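The structure under discussion appears below in the form of C-alpha cells.
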Amino acid sequence: MRQTFFLTLLAGAFTVLSCESTPRKAEEKQTQTAIVPDAKWWKEAVVYQIYPRSFKDSNGDGVGDLKGIISKLDYVKSLGIDMVWLNPVYSSPNKDNGYDISDYQNIMKEFGTMEDFDIMLKGFHDRNIKVFMDMVLNHCSEEHEWFKSARSSRESPFYNYFHWWPAEKGKPPYRFSIFDEKGDAWEYNKATNSYYLHYFADAQPDLNWENPQLRQEIYKMMRYWLDKGVDGFRLDAIAFCSKDTIFPPLPKEYDGNWPLYYASGPHLHDYMQEMHREVFSKKEIATVAEAMGDVERVMKFVDPERKELNMAYYFEAIDFGYLPKEYKMPDPKGYDFVAWKKIYAKWTDAFAQKGWGTMYLANHDQPRMLTRWGNDSPEFRDVSSKMLTTFILSMRGTPCYYYGDEIGMDNIKFDKVEEYNDIELLTNYAQVKAKGGDLKRFLEGMKISSRDNGRTPMQWDTTLNAGFSTGKPWLKVNPNYVTVNVANQENDPNSILNYFRKMVQLRKKEPALIYGDWKLVDSDNPSVFAYTRELNGKKLLVLLNFKAVNATVNMAGLDLSQAKVLMSNLITPSSVSVSIALKPYEAMILAL
Ligand code: NOJ
C-alpha cells in the first residue's frame with residue numbers, strides 16, 4: 001500500500017547535546033531557565049536546517065559542500081538562530097542523498113574533508129550556534145564495509161549485522177519496502193544464497209539491532225562524534241530499528257499499515273533506553289524522536305521518566321490533506337482547515353503534559369511551506385510567507401525552520417520526470433507507470449508535494465545559478481531566483497528575511513512564546529488559526545489568517561481593551577477593537 005504519512009515520518013528524530021566539557025556561550029543563553037522549573041536550552045532554541053547539498057557550493061562542481069557552508073557562517077549567524085541541523089554529511093554513494101551511509105566516521109567526498117567539518121563546527125561554535133548531526137541508524141549503504149563483507153559469505157563476522165532469510169527456507173515472508181519499485185523489502189544475494197532486508201531501497205540494507213555487537217559499534221561511533229564536539233543527533237527512521245525476526249505475517253491490528261508495524265518492534269524502547277545509557281547520559285542531552293503514530297506511541301519516546309529521547313516530531317499535521325491510499329497526492333478539494341487546527345491542538349496539549357515537541361512546516365522530505373501551506377502567487381507570497389513564519393515561531397515546541405523559507409522560496413514544480421532526482425519520487429513514478437496509472441495526474445500532484453521541491457539550491461543573489469554554484473547545479477535552480485534571493489531582501493526592512501529575523505528575536509524576548517500555555521481560540525473559524533500563549537500572567541494572542549479572504553475572529557472571553565500589537569506582517573496592521581477583521585494571510589501577535 002502507499003504510505004503517504006510514512007514518508008514524512010522520516011524527517012524526524014534528532015538529539016541535541018550540550019557538552020559539559022566545553023561549556024560554551026550557548027549555556028549562557030539559558031536566560032529563561034529561572035522562569036519555569038523544567039526550562040532547557042533546547043526548548044528555547046530556534047533550529048535552522050541546512051541541506052548541505054543545496055546550500056552553497058565552493059568548488060564549482062554543482063554540489064553544495066562544507067566549505068560553502070563555512071563561507072555562509074555569518075549569514076546563518078545573522079538569522080539569530082541557535083542550532084543548525086545538518087542533513088547527513090558522511091561518506092555515501094548518495095542513492096538517497098546521504099541517507100545511505102558507507103562510512104559513519106568520514107565525510108562525503110563531494111562535501112569535503114573531516115578538516116573542513118572541524119573548521120565548520122568551530123565556526124558555528126565560535127558564533128554561539130550549536131550543531132547537530134543527522135544519524136541514519138536503521139540502515140546503512142550497501143557500500144558500507146560491514147555489508148560488503150556480510151554479503152560475501154555467511155561466515156563473515158559481519159553477516160549478523162544485517163537481517164537475512166536463508167534461501168533454503170524458501171521465499172521470505174512478505175515485507176513492504178518504501179523505495180523499491182516492486183515494493184519488496186527482501187533482496188536476493190547470490191554469494192550467501194540468502195535474502196537481505198531493506199525497508200528502504202535495496203541499496204540501504206537494514207542493520208540488525210537485535211545483535212548487541214552491532215549496537216555497541218553504533219554507540220561507539222556516536223560517542224566519536226560527541227567527542228568531536230557536535231551538539232547532538234537527529235535519529236533518522238529510528239523507530240524502525242527493532243524487528244520481530246520471526247517475520248510473521250502483518251498482524252491484523254495494523255490493517256495494511258506496514259510503517260506503523262515497523263515502528264512497533266519488540267525491543268525498540270529497550271534500545272532507546274540503552275542508547276540513552278550508553279551515549280546520551282554521558283552529557284546533558286536533549287533528544288527528538290522521529291516517532292510515528294498516535295500520541296501514546298510518541299509519548300513513549302519523550303516521557304522523561306523513561307529516559308529515552310526528549311523531543312519528538314509528529315507527522316499527523318504535516319501529512320494532512322493527501323488523498324488516502326495514494327502517494328502524497330494532494331486532495332483537489334483542499335484540506336479541512338478546522339480539522340488541521342485540532343490536530344495541532346491535540347499534540348500541543350499532549351506535549352504540555354509530558355515531553356516536548358517540535359514545530360515545523362517543511363524540511364528535506366517536504367515541499368516548500370509557502371506552496372503547500374501558504375500561497376505562492378505574486379499577490380500573496382510575501383504576506384503568506386510571513387504568516388507561516390509567525391506560526392512556526394509562536395507555537396509551543398522547538399521551531400525547526402528550513403533553509404530558504406526565510407526568503408520565501410517556493411516549489412519549483414518540475415514538468416518532466418527527468419528533472420527530478422529523488423529516489424522516493426522516481427520509485428513511485430515507476431510504480432504508477434508499471435500499473436498503467438495516470439502519469440500526468442501523478443506529475444501534477446508532485447508539483448505540490450514532492451521532496452525535490454524543497455531541495456532546490458539556495459537562492460543567494462541574481463548572479464549565475466542564484467550564486468549557489470559556478471557549475472551546473474545538481475538540481476535545477478528555481479528560475480524565480482532573479483527576484484527571490486537573499487541579496488534582494490538583505491537591506492529591505494520589510495522583506496520576508498528580515499521578518500524572520502524579527503520573529504526569532506520576538507520569540508527570544510517573550511518567554512510566553514516558548515513556555516506559555518497554549519489555547520486555541522475560535523476553534524471552528526474556517527480561515528483563522530488563533531491561539532493564546534500565557535505565562536506568569538502575561539497573555540499573548542496570535543492571529544493567523546490562512547486564507548486569501550478577509551476574515552473575522554470571534555474573541556469571546558478575551559479582553560482586548562489593552563491590546564498592543566507586538567508583531568504584524570502588514571505595514572499597517574488591521575485595527576484592534578472588540579473584534580478583529582483580518583486581511584488575507586494577515587498575521588498578528590498581540591499582547592493583551
Ligand atoms: C528519513 C529521511 O528524512 C529521508 O530523507 C530518507 O529518505 C529516509 N529517512 C531514509 O533514510
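Note that ligands are numbered from 1 as they come in the structure, with each ligand's atoms numbered from 1 the same way. These numbers come from a predicted model, not from an experiment.
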task: Mark up the atoms of ligand 1 that fall under 4.0 Å of a heavy atom belonging to H364, in ascending order.
output: 2 (C), 3 (O), 4 (C), 5 (O)
- prompt: Which atoms of ligand 1 have any heavy atom of R451 under 4.0 Å away?
  reply: 4 (C), 5 (O), 6 (C), 7 (O)
statement: Note: ligand 1 atoms sitting under 4.0 Å from heavy atoms of F179 are 7 (O)
message: Please determine whether any non-hydrogen atom of E424 lies less than 4.0 Å from an atom of ligand 1.
response: no
- prompt: Any idea which atoms of ligand 1 are less than 4.0 Å away from a heavy-atom of D96?
  reply: 6 (C), 7 (O), 8 (C), 10 (C), 11 (O)
- request: Could you list the atoms of ligand 1 found under 4.0 angstrom from a heavy atom of H139?
  value: 10 (C), 11 (O)
- prompt: Is the closest basic N to carboxylate O distance between D376 and K413 below 4.0 Å?
  reply: yes
query: With sequence neighbours left out, what residues match Y188 under side-chain hydrogen bond (donor to acceptor under 3.5 Å, both in side chains)?
result: N193
query: Are H276 and Y271 near enough that their ring centres are under 6.0 Å apart?
result: no
Centroid-centroid distance, Y344 to F391, less than 6.0 Å: yes
task: Would you confirm whether the ring centroid of F176 sits within less than 6.0 angstrom of the ring centroid of Y261?
output: no
field: With N421 via side-chain hydrogen bond (donor to acceptor under 3.5 Å, both in side chains) - residues at least two apart
entry: none
For F200, the ligand 1 atoms whose distance to one of its heavy atoms is below 4.0 Å: 8 (C), 10 (C)
